[in-house]
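Reckoned from all heavy atoms, side chains included, excluding hydrogens, waters and symmetry mates. A quick note: this is a predicted structure, and the numbers were derived from the prediction, not measured.
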Amino acid sequence: MLAMIGLCHGFHSNVRTVGSNNFTDNLLLIEVETTNQYGIPEVKTEKIKLSKKHMELGVNNLWNQLKGKQVSVPVFVQAWASKAGNAGYDLWLSGDGRPLNIQAVKAAPVSAAS
């Protein structure tokens, strides 16, 4: 399990069509700050998929209550590859689907050696 820390934008549902089939993606949107290849900070929104089990438990409602708050989300990564030669990964909500209780701690100052 990994922990993704960022600003919660709540639950979002997205319908996509593949061929003649429609699929509904249930997503949790988290705004995170990353550093690009040039060392410049960038803000982007990550989507975390919710499983059918999490939807049945109503976890999506819990995350909607946390909109606008800093959260720590338990996730796992699922890699995929398509027949067309594309590859990527999806982030999925992990465990019971509830936010983790993580608090940032400032590092102690390093004393200068004499």
Side-chain angles (χ1 to χ4, degrees):
M1 176 191 70
L2 302 171
M4 179 176 286
I5 300 172
L7 181 66
C8 181
H9 287 291
F11 172 77
H12 179 74
S13 187
N14 183 37
V15 177
R16 60 186 168 92
T17 302
V18 178
S20 61
N21 299 317
N22 288 329
F23 297 94
T24 302
D25 292 326
N26 297 303
L27 307 169
L28 172 60
L29 303 177
I30 302 293
E31 184 179 300
V32 296
E33 185 174 312
T34 61
T35 304
N36 68 15
Q37 65 189 16
Y38 306 106
I40 301 169
E42 293 180 336
V43 175
K44 65 180 184 174
T45 302
E46 291 285 349
K47 58 184 180 185
I48 301 168
K49 293 186 174 188
L50 278 72
S51 68
K52 184 177 178 181
K53 174 185 155 192
H54 285 129
M55 291 300 294
E56 290 170 353
L57 293 172
V59 172
N60 54 321
N61 297 322
L62 169 69
W63 289 101
N64 268 338
Q65 294 173 6
L66 296 172
K67 275 185 186 178
K69 296 182 180 175
Q70 191 79 4
V71 294
S72 180
V73 185
V75 299
F76 69 90
V77 180
Q78 182 180 30
W80 55 265
S82 72
K83 293 179 183 177
N86 298 320
Y89 66 91
D90 292 324
L91 297 172
W92 286 84
L93 191 60
S94 184
D96 64 2
R98 299 188 182 286
L100 300 172
N101 187 12
I102 296 179
Q103 296 178 356
V105 177
K106 287 187 177 183
V110 178
S111 60
S114 40

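- Placement of L91 and L2 within a single hydrophobic cluster is found when ILVMFWY residues are connected by side-chain heavy-atom separations under 4.5 Å, directly or transitively.
- If you chain together ILVMFWY residues whose side-chain heavy atoms come under 4.5 Å of each other, V15 ends up in a group of its own.
- Applying the salt bridge (Lys or Arg N to Asp or Glu O under 4.0 Å) definition to pairs two or more places apart or across chains, those involving residues 11-20 are R16-D25.
- Every residue two or more places apart in sequence or in another chain that forms a side chain to side chain contact (heavy atoms under 4.5 Å, CB included) with N21 is listed here: F23.
- The side chain to side chain donor-acceptor pair (under 3.5 Å) check on S20 picks up nothing, with sequence neighbours excluded.
- The CG atom of L62 lies 11.0 Å from the CG atom of L57; values are rounded to the nearest 0.5 Å.
- Here side chain to side chain donor-acceptor pair (under 3.5 Å) pairs that include residues 38-47, with residues two or more places apart or in two chains, are N36-E42, K44-E46.
- Remark: A84 pairs with S82, N86 by the side chain to side chain contact (heavy atoms under 4.5 Å, CB included) rule, at least two apart or across chains.
- Among residues at least two apart or in separate chains, salt bridge (Lys or Arg N to Asp or Glu O under 4.0 Å) pairs with a member in residues 78-93 are K49-D90.
- Taking a 4.5 Å side-chain heavy-atom cut-off between Ile, Leu, Val, Met, Phe, Trp and Tyr, the cluster of L7 contains only that residue.
- Shortest non-hydrogen contact noted between I30 and C8 is CD1-CA, 3.9 Å.
- In the hydrophobic clustering of ILVMFWY residues, with side-chain heavy atoms under 4.5 Å counting as a link, V32 and V75 come out together.
- Residues V73 and P99 have side chains not in contact (no heavy-atom distance under 4.5 Å, counting atoms from C-beta outward).
- For E31, the side chain to side chain donor-acceptor pair (under 3.5 Å) partners are H9, not counting sequence neighbours.
- The distance from atom CD1 of I48 to atom CH2 of W92, rounded to the nearest 0.5 Å, is 12.0 Å.
- Looking at residues two or more places apart in sequence or on another chain, you find a side chain to side chain donor-acceptor pair (under 3.5 Å) between N22 and T17.
- F11 CZ to L28 CG: the interatomic distance, rounded to the nearest 0.5 Å, is 9.0 Å.
- Nearest heavy-atom pair across Y89 and W80 is N-NE1, 3.2 Å.
- Residue pairs that meet the side chain to side chain donor-acceptor pair (under 3.5 Å) test with at least one member in residues 52-76, sequence neighbours left out, are S51-H54.
- The CG atom of L27 sits 7.5 Å away from atom OG of S13, with the distance rounded to the nearest 0.5 Å.
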